[in-house]
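Reviewing the structure listed below.
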Amino acid sequence: MYLARVIGRVVATTKDASLSGSKLLIITRLNELLEPQGQTLIAVDTVGAGKGETVIVTSGSASRFAGTLQQSVVDATIVGIVDTVETDGGVNDVRHP
């Protein structure tokens, strides 16, 4: 799992049937300081995340265990919306910076 920020949304009227009804969000991976690492991905949202939110993402085969995605082509799934991040540098309230 890793941290990411939601930076947009993808609308695809034609897609694999296993993605039908899924909300697809564009995310950028973050480091421990919540700075973008440059990698941008598309992830299925299972928690109702929105643009600008910091989220927890699972990837690979584990991402299909979230929600009803067991038989899906999913490779990245948003499984949590982050409130705070605590590191050696202190606590960062990402919901209310």
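These numbers were taken from a predicted model, which means no experiment stands behind them.
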Task: Of all pairs that satisfy salt bridge (charged side-chain N to carboxylate O under 4.0 Å, His left out), the ones with a partner from residues 45-58, not counting sequence neighbours - done: K23-D45, E53-R95
Task: Criterion side-chain contact (heavy atoms from CB on, under 4.5 Å) on L3 and I56, from CA distance to verdict - done: CA-CA 5 Å; L3 295 174; I56 301 169; 4.3 Å; yes
Task: Candidate list T84, I81, V6, V94, test side chain to side chain contact (heavy atoms under 4.5 Å, CB included), partner T54, passing option - done: V94
Task: For the student: nearest non-hydrogen atoms of V79 and T58, plus distance - done: CG1-CG2, 3.7 Å
Distance-only donor-acceptor pairs under 3.5 Å for side chains of residues 26-33, two or more places apart:
unit_1: T28; atom_1: OG1; unit_2: Q39; atom_2: O; d: 3.4
unit_1: N31; atom_1: OD1; unit_2: L33; atom_2: N; d: 2.8
unit_1: N31; atom_1: OD1; unit_2: L34; atom_2: N; d: 3.1
unit_1: N31; atom_1: OD1; unit_2: E35; atom_2: N; d: 2.9
unit_1: N31; atom_1: ND2; unit_2: E35; atom_2: OE1; d: 3.1

Task: Closest non-hydrogen atom pair, A76 against V57 - done: CB-CG1, 4.2 Å
- [ ] Could you walk me through whether V44 and L24 pass the side-chain contact (heavy atoms from CB on, under 4.5 Å) test, one step at a time?
- [x] CA-CA 5 Å; V44 172; L24 304 174; 3.7 Å; yes
